[in-house]
*Asks:* 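Sharing a structure below in structure tokens format, with a few things to ask.
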Amino acid sequence: MMWYEYAELRDKETFLGMLRKGMTCEEIAELTGCSVSAVHTAEKRHRLRKPVIIMSEELRRKLEL
């Protein structure tokens with residue numbers, strides 16, 4: 001099946017909501033019953049990008065505790 005045949009991937013807001021919750025492409029694929037490549041394609045077609053978090057070395061060290 002194609003990515004747009006999955007309602008969760010076709011609807012940009014639903015798909016974006018899953019990404020904002022921190023779900024990985026693998027988790028989304030498992031939840032929707034599609035392939036990981038379908039999730040990647042939906043991400044590209046909706047022109048979505050995962051946020052990049054830039055943190056200082058000090059914060060990185062604190063998070064490792």
Side-chain angles (χ1 to χ4, degrees):
M1 290 177 69
M2 303 300 286
W3 72 272
Y4 50 79
E5 296 180 55
Y6 297 91
E8 298 90 343
L9 301 183
R10 189 174 55 245
D11 182 64
K12 184 176 182 176
E13 291 305 313
T14 302
F15 184 54
L16 185 57
M18 290 188 279
L19 292 173
R20 285 183 175 156
K21 287 180 184 176
M23 293 181 74
T24 64
C25 290
E26 290 78 11
E27 292 170 332
I28 294 171
E30 185 175 328
L31 178 71
T32 59
C34 69
S35 66
V36 175
S37 65
V39 177
H40 286 294
T41 301
E43 196 172 30
K44 289 178 189 175
R45 298 291 186 207
H46 288 303
R47 296 185 176 153
L48 299 174
R49 297 169 74 197
K50 292 181 182 154
V52 176
I53 300 171
I54 300 171
M55 66 177 81
S56 68
E57 279 301 314
E58 180 182 355
L59 180 57
R60 188 180 308 260
R61 283 192 299 274
K62 286 180 181 178
L63 291 174
E64 289 176 358
L65 297 178

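The analysis underlying the following values was restricted to heavy atoms, covering all of them including side chains, and did not include hydrogens, waters or symmetry mates. What you see is a predicted model, and the numbers here were worked out from it, not measured in a lab.
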*Asks:* Can you sort out the partners of Glu57 under salt bridge (charged side-chain N to carboxylate O under 4.0 Å, His left out), two or more places apart, ordered by chain and number?
*Replies:*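 Salt bridge (charged side-chain N to carboxylate O under 4.0 Å, His left out) list for Glu57, sorted by chain: Arg60.
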*Asks:* Going through the checks in order, is the side chain to side chain contact (heavy atoms under 4.5 Å, CB included) test met by Phe15 and Glu43?
*Replies:* CA-CA 8 Å; Phe15 184 54; Glu43 196 172 30; 4.1 Å; yes
*Asks:* Applying side chain to side chain contact (heavy atoms under 4.5 Å, CB included), name anything that partners Glu8, two or more places apart in sequence or on another chain.
*Replies:*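 Partners of Glu8 by the side chain to side chain contact (heavy atoms under 4.5 Å, CB included) criterion, ordered by chain and then number, come out as Tyr6, Thr14, Met18, Thr32.
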*Asks:* Considering only heavy atoms from C-beta outward, does the side chain of Ile28 approach that of Leu9 to under 4.5 Å?
*Replies:*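 SC-SC contact between Ile28 and Leu9 confirmed.
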*Asks:* Treating Ile, Leu, Val, Met, Phe, Trp and Tyr as nodes and any side-chain heavy-atom pair under 4.5 angstrom as an edge, say whether Leu16 and Tyr4 lie in one connected cluster.
*Replies:*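 Same cluster.
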*Asks:* When rounded to the nearest 0.5 angstrom, what is the spacing between CD in Glu27 and NZ in Lys21?
*Replies:*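 It comes to 11.5 Å.
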*Asks:* Side chains of Cys34 and Met1: does their closest heavy-atom pair fall under 4.5 Å?
*Replies:*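 A side-chain contact is absent here, since even the closest heavy-atom pair is not under 4.5 Å.
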*Asks:* Restricting to side chain to side chain contact (heavy atoms under 4.5 Å, CB included), what partner residues turn up for Lys12, sequence neighbours left out?
*Replies:*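 For Lys12, the residues satisfying side chain to side chain contact (heavy atoms under 4.5 Å, CB included) (neighbours in sequence not counted) are His46, Leu48.
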*Asks:* Specify the closest pair of heavy atoms between Ala42 and Trp3, including all atoms of both residues, with the distance to one decimal.
*Replies:*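 Shortest heavy-atom separation between Ala42 and Trp3 comes out as CB-CE3, 3.6 Å.
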*Asks:* For Ser37, check side chain to side chain contact (heavy atoms under 4.5 Å, CB included) against everything at least two apart and list the hits.
*Replies:*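 Side chain to side chain contact (heavy atoms under 4.5 Å, CB included) check on Ser37 returns Ser35.
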*Asks:* With sequence neighbours excluded, tell me which residues meet salt bridge (charged side-chain N to carboxylate O under 4.0 Å, His left out) with Glu58.
*Replies:*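 By the salt bridge (charged side-chain N to carboxylate O under 4.0 Å, His left out) rule, Glu58 matches Lys62.
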*Asks:* Are Val39 and Leu31 joined in one hydrophobic group, where the rule is that I, L, V, M, F, W and Y side chains link up if heavy atoms are under 4.5 Å apart?
*Replies:*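 Yes, one cluster joins them.
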